[in-house]
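Please read the structure below before turning to the comments.
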Amino acid sequence: MATNQVRTRFAPSPTGYMHVGNLRTALYAYLQAKHNDGTFILRIEDTDQGRLVEGATDIIYNTCRQTGLIWDEGPDIGGPVGPYIQSQRMGMFKEYAEKLVEAGKAYYCFCTPERLEQLHADQKAAGEAVGHYDGHCRNLPKEEVDRLLAAGTPYVIRQKCPTEGVTSFDDLVYGHIEVNNSELEDQILIKTDGMPTYNFANVVDDHLMGITHVIRGSEYLSSTPKYNLLYQAFGWDLPVYIHCPPVMKDAQNKLSKRNGDASYQDLVAKGYLSQAVMNYILLLGWSPKGEEEIFSLEEMIKIWDPANISKSPAIFDSLKLRAINAEYIRRLSEEEFLEVAKPWVEQAVHRPVDMALLCQCLHNRCEVLGEIPEQLDFIDQMPDYDLELYRNKKQKTTPESALEALTALEEVLSGLDSWTKDAIFEACKAKAEALEKKNGWLLYPLGIALSGKNRTPGGGTEIAAYLGRELTMERLKAALEKLKG
RNA sequence: GGCCCGAUGGUCAAGCGGUCAAGACAUCGCCCUUUCACGGCGGUAACCCGGGUUCGAUUCCCGGUCGGGUCACCA
């Protein structure tokens, strides 16, 4: 593999849904690679068999594909540093840990779980900080270690961390961070079963895969010193760290996987456009230089700069997502909108209507595709409505004036040759002029008569046009009956 | 609790010693208009608190408060 090339990875655990926080991390990792003409790698970290969820890996694949985060190396397509599924890499980690033992940077620990438990209990009783291993096996004589090993005593391998001094690292987002080594624990590298812990596997894999920029959530900030100590113990080059602030549900809680709209697939199922979701996620904790905030993936790659990642947690705002989604919908061409909207329209409408015209009317009135059926509920079935709906101050209409207007309209429309939006409107307009009334006086009641609602996609003449002549006249007559009481 | 990180309108955020403190979303008003939208124009609304440093702090330093993260043979 070429040196000096930027290599980033997205390394999710297949433990369920992909929520927007994960997706954002993937996006940032992708952008960091692509902005630098680098390589984006997908690695599946499936070593926790207990938490594996059936189908979760496919969700990861599908989500990345749908959102355009195409990986250059990964489980399905391979690459020079595979395998890319962590469970298939298990064999090698122990050797690496043993190298560290030889170098004096790690050691065998024969402490039993019982002793550890007792240790913690004692620490607690003494009012000490609970949790840190006491280094019991840290300086065991070599003969003793050999004897225990030969006897087949169960053991783990622990990292030998310095107990004094300071370990520091630099993060692209958070800057220079220092931690007292006394805070560090001799963490376990290899478990009793011979398998690596996540932290250890992660460091070794990242190095072996040539990862140059580690992009992950800020929850890893406090374990990063231990990662660095590991890199140093091996004599490996440190990656650049880019830690991202968490995505919050509200001021107190992180976004929870289980809560509906947090997951990518749920958002799409609700009628959010993939690109809109990505665009919103981009802006959640990152800001562009200028005022523009709508970007295609290609544009994101161009303008990406990790220095603009914010340090503070960001609350997921579904209202803003809506607004961005609406913006994307509006930017669709008529044809494109028809294509994405049609399935949603067909959910609600089972009558023959002018689909093209209906979608035209819908286009600017739809922020999320999922709300289309609700907007069109009047088409199949005329709802019950209150005659007071005909009263509108601004249009100067009342149930009484509506009777007058609809009577006139019935006459106009029944004599109309061409049933098109323009023809209908022109005819109505002419009638309004003849009656010396404003268009609204005549047409506002038409919309009510045809839909039973005062908020509809399109005005009276447009509804008439897409409903068709027959249904329009039928509803007009029904409305007249209703008005006459 | 120890350690780490953070704090600008309701939300996302720009800012990086001197600004009338950007912008977007939301909200309110007006215009356009066959409803509702779209679009256009305008308004309301913010630097967590206390000390320093400085001629001058939103910006730098210290303390506090609040919030988040982390302290596993989980990942």
Side-chain angles (χ1 to χ4, degrees), chain A residues 11-13 15 45-48 50-51 86 109 111 113 116 127-132 154 156-158 171 173-175 177-180 182-185 187-193 195-199 201-202 217-225 243 245-246 248 251-254 280 283-294 308 310-324 326-327 330 361-367 375 389 392 394-395 425 428-429 432 438-448 451 453-464:
Chain A
S13 296
T15 55
E45 309 216 324
D46 60 344
T47 53
D48 186 354
R51 289 204 308 167
Q86 206 164 50
C109 170
C111 292
L116 263 22
E128 290 174 19
V130 176
H132 277 196
V156 299
I157 296 180
R158 283 183 188 271
D171 184 88
V173 176
Y174 289 92
I177 294 176
E178 292 189 348
V179 174
N180 283 330
S182 57
E183 296 295 324
L184 271 26
E185 182 179 36
Q187 65 175 339
I188 291 171
L189 269 21
I190 298 293
K191 301 184 273 186
T192 309
D193 63 4
M195 293 296 123
T197 54
Y198 167 81
N199 286 133
N202 209 266
S218 62
E219 65 269 26
Y220 291 99
L221 225 33
S222 34
S223 44
T224 302
H243 285 95
M248 311 292 286
Q252 274 72 35
N253 306 289
K254 278 180 79 169
Y280 174 62
L283 267 16
L284 239 198
W286 181 85
S287 61
K289 284 273 192 288
E291 311 252 282
E292 180 61 43
E293 59 174 15
I294 303 295
N308 294 342
S310 116
K311 296 183 181 70
S312 44
I315 299 173
F316 181 88
D317 182 5
S318 52
L319 236 40
K320 175 80 174 183
L321 204 212
R322 271 184 88 79
I324 289 186
E327 180 65 27
R330 275 180 246 122
C361 293
L362 224 32
H363 199 163
N364 284 333
R365 297 177 171 88
C366 165
E367 301 195 299
Q375 285 192 69
L389 261 192
N392 184 300
K394 204 168 167 206
Q395 309 301 336
F425 182 67
C428 293
K429 198 174 153 197
K438 304 262 283 183
N439 288 340
W441 181 89
L442 190 65
L443 294 173
Y444 176 76
L446 181 59
I448 304 294
S451 69
K453 300 170 79 170
N454 61 2
R455 301 163 144 254
T456 51
T461 64
E462 282 148 332
I463 299 174

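Numbered from 1 within each chain, the chains take letters A, B, ... in sequence-line order.
For the salt bridge (charged side-chain N to carboxylate O under 4.0 Å, His left out) test, residues two or more places apart in sequence or in another chain that qualify with K289(A) are D305(A). With sequence neighbours left out, the side chain to side chain contact (heavy atoms under 4.5 Å, CB included) criterion links N253(A) to D250(A). For Y280(A), the ring-ring contact (aromatic ring centres under 6.0 Å, His included) criterion is met by F316(A), not counting sequence neighbours. E183(A) meets the salt bridge (charged side-chain N to carboxylate O under 4.0 Å, His left out) test with no other residue; sequence neighbours excluded. Every residue meeting the side chain to side chain contact (heavy atoms under 4.5 Å, CB included) condition with T192(A), not counting sequence neighbours, appears here in chain and number order: P154(A), V156(A). Listed by chain and number, the residues in a side chain to side chain contact (heavy atoms under 4.5 Å, CB included) with Q375(A) are L362(A), R365(A), C366(A), E371(A), P457(A) (sequence neighbours excluded). Every residue was checked against the salt bridge (charged side-chain N to carboxylate O under 4.0 Å, His left out) condition with R455(A), not counting sequence neighbours, and none meets it. Residues meeting the side chain to side chain contact (heavy atoms under 4.5 Å, CB included) test with E327(A), sequence neighbours left out: I294(A), R330(A), R331(A). Checked against salt bridge (charged side-chain N to carboxylate O under 4.0 Å, His left out), K453(A) has the following partners two or more places apart in sequence or in another chain: D377(A).
For T461(A) against U34(B), a side-chain N or O and a base N or O form a donor-acceptor pair under 3.5 Å. Residue-to-nucleotide contacts include no donor-acceptor pair under 3.5 Å from the side chain of S222(A) to the base of C4(B).
Summarising the geometry, the separation between CD1 on I177(A) and P on C4(B) is reported as 10 Å, rounded to the nearest angstrom. A straight line from CD of E293(A) to C1' of C12(B) spans 9 Å, rounded to a whole angstrom. To the nearest angstrom, P of A26(B) lies 12 Å from OH of Y280(A). Put simply, CG on N180(A) is 14 Å from P on G2(B), counting in whole angstrom units.
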Under 4.0 Å protein heavy-atom contact, by nucleotide of nucleotides 59-68 of chain B - B base, S sugar-phosphate only: --------SS
Watson-Crick and G-U pairing of RNA chain B written in dot-bracket, each distance under 3.5 angstrom, with | for inter-strand partners: ((((((((.[[[..)..(....]]].(((((.......)))))....[[[[[..)....]]]]])))))))....
Below 3.5 Å between N/O atoms, which protein atoms pair up with nucleotides 36-43 of chain B? Just atom names and distances, please.
unit_1, atom_1, unit_2, atom_2, d
C36(B), O2, R365(A), NE, 2.5
C36(B), O2, T456(A), O, 3.4
C36(B), N3, R365(A), NE, 2.8
C36(B), N3, R365(A), NH2, 2.6
C36(B), N4, R365(A), NH2, 3.0
A37(B), O2', N364(A), O, 2.6
G39(B), OP1, R330(A), NH1, 3.3

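D193(A) comes within 4.0 angstrom of nothing in the nucleic acid, heavy atoms only. Counting non-hydrogen atoms under 4.0 angstrom, Q187(A) reaches nothing in the nucleic acid.
Remark: K320(A) is not in phosphate contact with G10(B), judged by side-chain N or O atoms under 4.0 Å from OP1 or OP2.
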